[in-house]
Number of protein chains: 2
Amino acid sequence: MPFDRHGASAPSCTLCPFRQACRHAGGDSALRASAPLAPGRVRLRAGDVLYAQGRPTLAVYPVRSGGIKQVYESHLGWRQVSGFFQCGDVCGLEANEPATHSASAVALQDTECCSIPIESVHGSLADPGLRPAIQGNLRRQASRQAELLVAIGSMKASQRLAMLLLDLAAEQARRGITDGELTLAMTRNDIASYLGLTLETVSRLLSRFRSVGLITVRHRMLRIVDPDGLAEVHADPERIALRGPGD
Amino acid sequence: MPFDRHGASAPSCTLCPFRQACRHAGGDSALRASAPLAPGRVRLRAGDVLYAQGRPTLAVYPVRSGGIKQVYESHLGWRQVSGFFQCGDVCGLEANEPATHSASAVALQDTECCSIPIESVHGSLADPGLRPAIQGNLRRQASRQAELLVAIGSMKASQRLAMLLLDLAAEQARRGITDGELTLAMTRNDIASYLGLTLETVSRLLSRFRSVGLITVRHRMLRIVDPDGLAEVHADPERIALRGPGD
DNA sequence: CGCAGCTTTGAGTGTGATCAAATACGGTGG
DNA sequence: CCACCGTATTTGATCACACTCAAAGCTGCG
């Protein structure tokens with residue numbers, strides 16, 4: 001069975017701050033060989049753990065293909081999805097360079113990552129060419145985290161979901177894909193956990209968004225038909241409710 | 001009228017990583033003098049803005065007395081309290097040393113802060129004596145933010161409030177005060193915003209906690225009577241509900 | 001003394017959770 | 001290739017938690 005059955009397109013990792021290092025480590029030959037993986041590359045299947053919360057930070061992992069979810073577990077054992085990573089994102093990169101991972105990373109599908117030793121990252125921070133890219137990465141993450149906190153804290157379910165969809169679309173746009181096509185690598189449950197909802201609510205809202213013509217969605221394939229409409233939902237909860245006119 | 005009417009006790013800033021620098025800048029004489037404030041010190045009254053989100057980061061502000069709330073405003077204008085700072089905490093210290101403040105800081109009461117120029121902070125990061133303290137500070141902040149996200153995302157109101165009270169008590173303990181006495185510098189509204197609730201819910205829960213003997217509370221004075229009980233509430237939502245037996 | 005802001009408490013409602021069942025899909029093995 | 005099974009998803013019915021609206025009390029301050 002081929003490893004990557006989902007037909008991931010050629011990685012467009014031009015956004016990855018470490019793309020130079022990636023090219024050196026491993027090399028494309030490792031991609032085609034089914035032999036033991038060359039150093040600097042990690043292959044994961046759905047559900048595999050890239051690294052676990054609390055374990056020493058040995059490396060960071062730019063995603064080359066596939067998808068990763070970041071899962072945080074509180075000290076009482078409550079678990080919550082705290083982020084999604086796709087091609088071009090750097091997984092495991094954290095502010096303050098803590099000695100241990102502050103969250104776990106789990107593959108959502110067949111996924112391939114580079115592996116940059118943490119010492120090498122420290123070196124890259126001195127590189128005036130890489131430092132801004134890395135810091136920009138960290139800033140975007142922090143910003144998203146803050147927006148998420150506000151969303152979960154005070155926005156309605158429909159607003160939160162609209163926010164996520166717009167966010168995912170914006171990520172796609174950063175990669176140059178602007179047609180509104182999205183492939184949701186994560187399950188409804190992952191989305192629900194990320195947004196502080198239940199999977200039923202997410203499913204119902206997606207159906208509702210579709211029924212009013214904001215999106216088309218079938219399983220993991222999603223297309224944003226009306227971005228402006230979604231933005232209005234994000235801004236105004238009244239515009240779309242779980243139960244409203246047209247039921 | 002004296003500036004500090006609330007009778008803040010002598011600052012026990014032994015936790016502040018910058019306490020050495022504080023002592024040099026300004027000096028205690030500035031405290032007693034009603035003359036113009038010496039450089040390196042900032043005095044605020046309730047509601048005053050220490051710094052605003054998006055403005056350039058010029059300095060960090062260790063709190064010497066009083067209280068500060070951190071307020072984040074999303075790009076759509078949704079505001080949420082994202083943290084509280086008291087004596088010994090360092091306000092404005094952020095990971096990645098971003099060029100602009102990622103949130104605002106507003107005084108909750110009459111407050112006095114030191115003012116450490118940001119360049120000086122950069123220097124301190126090289127100091128092997130200060131760096132661990134500063135990074136520990138940042139790590140605690142990040143950890144609290146993550147716990148808060150999980151709490152708001154998936155815990156009941158009573159659990160969230162119990163968490164905050166235990167957190168505040170733990171902070172007091174770090175300062176050496178272990179009798180469970182707390183003075184809430186923030187309003188019910190601030191607490192509600194921080195926890196993703198409404199002020200009525202917070203008020204009702206405090207009353208309920210009191211009625212079952214977990215705490216005593218009168219306005220801003222709060223005493224934790226049964227820390228273990230609170231911890232159980234934090235772990236198990238069933239233990240205390242907004243509406244339950246004994247109404 | 002009166003005003004303004006904060007807090008408490010009450011009554012009613014709505015959103016989203018919970019419980020439950022049916023369906024569809026993907027992977028596996030016969 | 002097809003039957004099977006576990007997982008993911010959809011949809012429905014009901015319920016509870018927390019929000020909303022409302023009013024009154026308390027505190028501090030001018």
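Only this structure's heavy atoms are used, side chains among them; waters, hydrogens and symmetry mates stay out. Below, chains carry the letters A, B, ... as their sequence lines are ordered, and counting in each starts from 1.
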Heavy atoms from other residues, nucleotides or ligands near CZ of B:Arg223 exceed 12 (cutoff 6.0 Å):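 Counting neighbours around CZ of B:Arg223, more than 12 heavy atoms of other residues, nucleotides or ligands fall under 6.0 Å, so yes.
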Between [atom2] on [N] and [atom1] on [X], what's the gap in Å once rounded to a whole number?
X: B:Asn189; N: C:dT7; atom1: CG; atom2: C1'; result: 11 Å
X: A:His219; N: C:dA24; atom1: NE2; atom2: C1'; result: 6 Å
X: A:Asp190; N: D:dT9; atom1: CG; atom2: P; result: 8 Å
X: B:Arg208; N: D:dC17; atom1: CZ; atom2: P; result: 11 Å
X: B:Leu108; N: C:dG5; atom1: CG; atom2: P; result: 17 Å
X: A:Met155; N: D:dC19; atom1: CE; atom2: P; result: 16 Å
X: B:Glu200; N: D:dC17; atom1: CD; atom2: P; result: 18 Å
X: A:Met221; N: D:dT9; atom1: CE; atom2: C1'; result: 16 Å

With under 30° as parallel and over 60° as perpendicular, where do the rings of A:Phe84 and A:Tyr194 fit, or are they tilted in between?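 Correct class here is tilted.
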Would you say [X] reaches [N]'s phosphate, i.e. side-chain N/O to OP1/OP2 under 4.0 Å?
X: A:Arg220; N: C:dC25; answer: no
X: A:Thr201; N: C:dT15; answer: no
X: A:Thr198; N: C:dT18; answer: no
X: A:Arg218; N: C:dC25; answer: yes

If you look at every strand shown and take non-hydrogen atoms under 4.0 Å, does [X] touch a base, only sugar-phosphate, or nothing?
X: B:Gly196; result: sugar-phosphate
X: A:Arg160; result: nothing
X: B:Leu199; result: base

[X] side chain: which of [options] is closest?
X: B:Ser203; options: D:dA18, C:dT7, D:dT10; result: C:dT7
X: A:Arg204; options: D:dC19, D:dT11, D:dT9; result: D:dT11
X: B:Lys156; options: C:dT9, D:dA18, D:dC19; result: D:dA18
X: A:Thr187; options: D:dT10, D:dA8, C:dT7; result: D:dA8
X: A:Leu197; options: C:dT8, D:dT9, C:dA17; result: C:dA17
X: A:Arg210; options: D:dT11, C:dT7, C:dA24; result: D:dT11

Taking atom types as modelled, is there a side-chain donor on A:Ser102 or A:Glu94 under 3.5 Å from an acceptor on the other?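 A pair is found: one side chain offers a donor N or O, the other an acceptor, under 3.5 Å apart.
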Ignoring hydrogens and angles, state whether a donor on the side chain of A:Asp190 or A:Thr187 is under 3.5 Å from an acceptor on the partner side chain.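 Short answer, yes.
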May I ask you to say whether A:Asp167 pairs ionically with A:Arg160, meaning some side-chain N is under 4.0 Å from a carboxylate O?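 Looking at A:Asp167 and A:Arg160, the cut-off is not met.
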List the steps, then state whether ring pair (Phe, Tyr, Trp, His ring centres under 6.0 Å) holds for B:Tyr61 with B:Tyr51. CA-CA 10 Å; B:Tyr61 306 92; B:Tyr51 53 80; 5.8 Å; yes
